[in-house]
Amino acid sequence: MGNRNGGRWMGEINGHTVLFLFFGILTCLFSLAVVFSANVVRMAFYLILALAATSGLHFLAGADFVGTMQLVLYVGGTLVLLVFGVMLTAQNPFISLRTAGGDWIVAALVGGILLVILVPVAFQIGLPPQDAGDIEGLTQREAVASSEPVSVPTATRIGLGLLGVPGDDVSGYLLPFEIISIHLLVVLVGAAYLARAKRKVVVRQESQNIAGS
Amino acid sequence: MFDLLSQPVGLTHYLIVGAVMFVAGAVCMATKRNALGVLMGIELVLNGANLNFVAFGSNFLERNPAYQLGLDGQIISLFVIVLAAAEAAVALAIVLNFYNNHSTVDVDRADELKG
Amino acid sequence: MSQYLISHWGWYPPLVYTLMAMLAASLVLLVIAGGSVVFIWMERKVAGRIQDRLGPTRVGGKFGWLQTIADGIKLLSKEDLRPEGADAMLFRIAPYVAFCASYGSFIALPFATGWVGLDINVAVFFVVAVLGLEVFGVILAGYASASKWSLFGAMREAAQVISYEVPLGLCIVIPVMIAGTMDLTKIGNLQSGWFTNWYLFHDPFTFITFFVYYTCALASVNRAPFDLAEAESELVAGFHTEYSGLRWSFFFMAEYGSMFLVSALGSILFLGGWNGPVPVAAWIFGEHASQLSGFAFVLANVLGLMAFILKAVLGVTVMMWIRWTLPRLRIDQVITTCWKYCTPIAAVMFVGVISWQLMGLPNGGDVLPHHEQGSRRLPGSLRERPFETGDALPSANSVGFESEHGEQERGQVDG
């Protein structure tokens, strides 16, 4: 973005990188805030911000359809449901179930080990192999640098992929798509049934009481 | 600092953000006693994984076709998002049922089957 | 323009990009803030006229033009109250969340060909997605206020918004399906020419869909008769009971911003967007605005912009008219309207439009001969004509070609 003839006052600032750092740091910060917050409503709020920032990262990676899906389904659907659940199950306005000190130590240990495994792997995978660096005369790093964050239309190809039409960079996914559709339907029915079960019992008892009296 | 700003974003950057989200989610699942807190941890874990899928599929971060996942990564992350929505709906129904029976959402209180 | 500044004046590129982004952002902010000032004044005038009153008459001349400004100054000088038991951080931040969601969705809304904050490929989807986030502001405000009225309002809002996203999405999918793209600029330009090219008149199903869309849009922005979240007869003022001063006014700016937004979206999807009912600009300049360049482009676009804003403001006015005409529904009636009426109707319309397209029945655009970029030509979409039996499925190569084709055309539109 900014690497054409900039670089007079400081190193060439890459606009893509700046935006990435902004969203990436927001994502990490709010993810950690979810962990360290004790109030469940605030946790939900931080989670919303973390996931919204993640959708920004998706946009920066060129996955505009997935980023928007994330906003619609995850942030707009799933999290509203979650907040709804928080509000339905809150006894006093600001519940906080404190975690015991021992739990924190174990969790920090496990988390630390996970992080120690994952971060070196990230560095290992992210760096290009030395021998396969050249495509069309560009080294890989330069190729990455010259990519401006313009959105390539992905929605059509993703839609065709979901309909089972394989493209040049996507395979057909008709069967998984159908399975997921059925799964979603089953889940909807099941969730409605689960959430209603208790109320039915109450109603029956009341009607019995009325009949008894 | 300016060095970090001027170098292009690669796969590593995304993987690190994904790793931080994943670990935060795992710790959240382990430490929270509120059932909804555990659910939020699961969402974080799923999103960390999702971010990795998108990053592997992106042709901004990896220009060499031999190492690209292509749009398959994006489709898989779409599936993950849909499944997460389904999972949240069921989990929420279970939590509400649990709350109706025990009038709390503390997962440590769900110990009736303990021998 | 940013290229011009960099190459001719030698400005520092990141600075230029930041300046340009800020310029676009402040223009959008101007639309929201200025829009809500006008709309609040208009709402009071409309309400007054419907109730056989005059509305504001004193401040700033005969029609009370400056009433909203005066109210704004009053609100600024009010004390910023916070209830004793409130969750301070969430209480403070909630109005900004609502406002930012409303503001953010304007990013992808084109006001004329190429005049858009961010020209993304999935603009329709993006606008709806970001607009859906406004509900969090309301929920957080309701929860953090530590007041029963607010909490009830927020719970209702959450239930209502989740429900109404389903029929709203179904209604939006229909024009997207006809156009074969989710790019709002393209959808708007596909409806250029005579008003018969508008998707409202595409076929009988789209005509009904528009009214379903409008109903769902009313509900999703919490306007009467669906304003259960702030039902003053039951809940004092609903989710904003505890708010005062500037924070309270942020909720209102968000509300009027999203009212404008859903009307504008409806006008792009169904009413031809920036294309007037009669192709005036095309007669004067010989071409549609998207094919022009230079001064003629700007002039044609300004005409389009006026048509667009007129349509959106008309939509907002009808919303006000409805608000002061119909009584408020009960919450169960609201949910019933959504699930038992709007969703099935939208689903049937969806199937109807698909069958209409597949059978190749005549569209509204076929009625009049002027057919410039009519809906049969589908740039960037997969098919030029309905599938016929015996057609092979589109192969990978044709997909790749089509998307490239779409890219080129987008470039033209931008230039």
Side-chain angles (χ1 to χ4, degrees), chain A residues 10-14 16-18 20 24 27-28 31-32 34-35 40 43 47 51 54 57-58 61-63 66 69-70 73-74 77-78 81 85-86 89 97 99 103-104 107 111 114-115 118-119 122-123 126 135 140 143-145 147 157-158 161 169-171 173 180 184 187 191 194-195 198, chain B residues 2-3 5-17 19-21 23-24 26-28 30-31 33-34 36-37 39-40 43-44 47 51 54-55 58-61 63-64 66 70-72 74-75 77-79 81-82 84-86 88-90 92-97 99-100 105-106:
Chain A
M10 50 181 103
E12 297 175 4
I13 288 185
N14 191 328
H16 193 196
T17 311
V18 173
F20 170 82
T27 307
C28 293
S31 306
L32 293 176
V34 172
V35 178
V40 75
M43 275 172 64
L47 188 63
L51 297 195
T54 314
L57 287 180
H58 289 182
V66 177
M69 268 310 250
Q70 166 105 356
L73 267 183
Y74 234 120
T78 311
L81 215 63
V86 169
T89 55
L97 296 168
T99 313
D103 286 0
W104 274 118
L114 261 177
L115 205 63
L118 284 175
V119 168
F123 275 105
I135 340 158
Q140 219 156 12
V144 170
S147 67
R157 286 178 292 157
I158 287 181
D169 57 351
V170 59
S171 0
Y173 281 95
I180 281 197
L184 209 55
V187 159
L194 269 180
K198 175 76 178 177
Chain B
F2 292 133
D3 189 41
L5 284 178
S6 58
Q7 81 181 186
V9 178
L11 206 49
T12 312
H13 295 67
Y14 271 81
L15 291 186
I16 286 176
V17 174
V20 170
M21 275 186 102
V23 170
V27 172
C28 191
T31 53
R33 284 172 59 203
N34 190 328
L36 290 160
L39 200 59
M40 290 177 201
E43 307 291 345
L44 274 181
N47 263 278
L51 193 62
V54 169
S58 169
N59 48 1
F60 288 153
L61 311 176
R63 272 301 168 91
N64 191 341
L71 283 179
D72 289 345
Q74 296 191 18
I75 290 189
S77 66
L78 282 182
F79 284 156
I81 290 175
V82 173
V90 171
L92 199 67
I94 293 173
V95 169
L96 285 185
N97 245 345
Y99 180 74
N100 280 339
V105 281
D106 186 353

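For clarity, every value in this text was computed on a predicted model and none was experimentally measured. A, B, ... follow the sequence lines: proteins, then strands. Residue 1 opens every chain.
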Novice: Roughly how far apart are Tyr14(B) OH and Leu51(B) CG, rounded to 0.5 Å?
Specialist: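 Here the interatomic distance stands at 7.0 Å.
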Novice: Side chain, backbone, both or neither: which part of Leu39(B) has a heavy atom under 4.5 Å from chain A?
Specialist: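 Answer is side chain: those atoms of Leu39(B) sit under 4.5 Å from chain A.
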Novice: How many angstroms lie between atom NE2 of His58(A) and atom OG of Ser77(B), to the nearest 0.5 angstrom?
Specialist: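 One gets 6.0 Å once the value is rounded to the nearest 0.5 Å.
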Novice: Enter the distance from Leu57(A):CG to His13(B):NE2 here, rounded to the nearest 0.5 Å.
Specialist: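 Rounded to the nearest 0.5 Å, the CG-NE2 separation comes to 11.5 Å.
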Novice: Identify which part of Ile158(A) has an atom lying under 4.5 Å from any heavy atom of chain B, answering side chain, backbone, both or neither.
Specialist: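 Looking at Ile158(A), backbone and side chain both touch chain B.
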Novice: Taking side chain to side chain contact (heavy atoms under 4.5 Å, CB included) as the criterion, tell me which of Leu36(B), Leu92(B), Asn34(B) meets it with Val86(A).
Specialist: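 Only match with Val86(A) under side chain to side chain contact (heavy atoms under 4.5 Å, CB included): Leu36(B).
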Novice: Quick one: what part of Ala85(B) sits under 4.5 Å from any heavy atom of chain A, side chain, backbone, both or neither?
Specialist: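 Both parts, backbone and side chain.
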Novice: Between Ile180(A), Leu118(A), Leu184(A), Val119(A), who has the most heavy-atom pairs with chain B when the cutoff is under 4.5 Å?
Specialist: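 Going by pairs under 4.5 Å, I would pick Ile180(A).
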Novice: Do side-chain atoms of Asn47(B) reach the backbone of Leu51(A) as a donor and acceptor pair under 3.5 angstrom?
Specialist: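 No: the side chain of Asn47(B) does not pair with the backbone of Leu51(A).
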Novice: Between Leu96(B), Val82(B), Ile94(B), Leu78(B), which residue shows the highest count of heavy-atom pairs closer than 4.5 Å to chain A?
Specialist: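 Heavy-atom pair counts peak at Leu78(B).
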Novice: Using non-hydrogen atoms and a 4.5 Å limit, figure out which bit of Ile16(B) sits close to chain A: side chain, backbone, both or neither.
Specialist: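 Both backbone and side chain.
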